[in-house]
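Below: one structure, written as structure tokens.
Hydrogens, waters and symmetry mates are skipped; everything else that's a heavy atom, side chains included, is used.
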Amino acid sequence: PSYFSDGFVYQSDEDGAANVPIKGYEAYCRWVNNQRYSGDNKPQCDLICCSVTAQSTITALWRLGYASSSNDEKRSKVYLSTFTTSNDQGGLVISQKDKVLIEKNAPSGDDLRAKCNWYSCMPEILL
């Protein structure tokens, strides 16, 4: 909580509840806590890049995936997303916006790191 402004707002470009802005750090934490993976899905997150991309702006590129090991259905989804935070003059986070770049079959973390523009936090394959 010490890193977030009292006026913090979260928004995602994905379909669903987060497409409506979530106001306040506590409301955001409750929303994140309610994001559950059903069954035996095993979530994995891989931070690819994190950079200061503009004044008072931090962008992170991450790969989020989950795999189901169910005997009925073997599947895997891997998303490539960014989140960008804006900070006030005191350095507190005032907003976070998520953007999905690839909805499935994202390249491996090693491939993304090898092709990442460390100033924009975007892989060259997407520029």
Side-chain angles (χ1 to χ4, degrees):
S2 60
Y3 298 109
F4 292 84
S5 164
D6 289 339
F8 173 76
V9 177
Y10 169 82
Q11 188 160 10
S12 173
D13 72 344
E14 297 179 69
D15 292 334
N19 206 3
V20 174
I22 297 172
K23 297 178 181 178
Y25 171 76
E26 287 185 32
Y28 170 69
C29 289
R30 282 191 297 274
W31 178 80
V32 168
N33 187 51
N34 288 328
Q35 302 304 306
R36 302 276 188 223
Y37 291 89
S38 61
D40 60 352
N41 292 334
K42 309 285 190 260
Q44 294 181 328
C45 183
D46 188 8
L47 179 64
I48 305 301
C49 173
C50 186
S51 295
V52 175
T53 52
Q55 185 174 348
S56 300
T57 304
I58 298 171
T59 300
L61 176 70
W62 52 279
R63 194 175 174 273
L64 173 67
Y66 65 89
S68 174
S69 59
S70 167
N71 290 333
D72 298 335
E73 182 180 357
K74 295 216 181 258
R75 62 184 178 150
S76 174
K77 290 185 180 181
V78 180
Y79 300 88
L80 184 64
S81 298
T82 60
F83 75 77
T84 302
T85 63
S86 296
N87 305 320
D88 65 17
Q89 291 180 345
L92 296 177
V93 178
I94 56 175
S95 69
Q96 177 178 325
K97 184 160 188 166
D98 288 2
K99 180 174 179 76
V100 175
L101 304 173
I102 298 176
E103 289 192 33
K104 59 181 178 176
N105 302 325
S108 73
D110 290 338
D111 286 346
L112 290 166
R113 280 186 203 88
K115 297 174 183 169
C116 193
N117 177 321
W118 297 99
Y119 297 103
S120 67
C121 230
M122 293 295 285
E124 292 172 5
I125 57 174
L126 298 175
L127 295 176

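Partners of Asp46 under the side chain to side chain donor-acceptor pair (under 3.5 Å) rule, at least two apart in sequence or in another chain, are Arg113. Residues passing the side-chain contact (heavy atoms from CB on, under 4.5 Å) test with Lys99 are Asp13, Thr82, Leu101, sequence neighbours excluded. Partners of Thr53 by side chain to side chain donor-acceptor pair (under 3.5 Å), not counting sequence neighbours, listed by chain and number: Thr59. Ala27 pairs by the side-chain contact (heavy atoms from CB on, under 4.5 Å) definition with Ile22, Arg30, not counting sequence neighbours. The ring pair (Phe, Tyr, Trp, His ring centres under 6.0 Å) check on Phe4 picks up Phe8, Tyr25, with sequence neighbours excluded. Ser108 pairs by the side chain to side chain donor-acceptor pair (under 3.5 Å) definition with Asp111, not counting sequence neighbours.
With rounding to the nearest 0.5 Å, the separation of NZ in Lys97 from OG in Ser86 is 10.5 Å. Rounded to the nearest 0.5 angstrom, Ile58 CD1 and Thr84 OG1 are separated by 10.0 Å. Rounding to the nearest 0.5 Å places OG of Ser51 at 8.0 Å from CG of Asn117. Here Ile48 contributes atom CD1 and Asp110 contributes atom CG; the two are 8.0 Å apart, rounded to the nearest 0.5 Å. Here the straight-line distance linking atom CG of Leu112 with atom CD1 of Ile102 works out to 7.0 Å at 0.5 Å rounding. Taking CD of Gln96 as the start and CG of Asn87 as the end, the distance is 10.5 Å to the nearest 0.5 Å.
Contact check for Trp118 versus Cys49: side-chain heavy atoms found under the 4.5 Å cut-off. Side chains of Leu61 and Pro123 form a contact here, defined as non-hydrogen atoms less than 4.5 Å apart.
A pairwise comparison of heavy atoms in Asp88 and Ser5 identifies OD2-CB, 4.3 Å as the closest pair.
Hydrophobic clustering (ILVMFWY, side-chain heavy atoms < 4.5 Å, transitive): Val93 and Val9 are in distinct clusters. Tyr3 and Tyr28 fall within the same hydrophobic cluster, defined by Ile, Leu, Val, Met, Phe, Trp and Tyr side-chain heavy atoms under 4.5 Å apart, directly or through other members.
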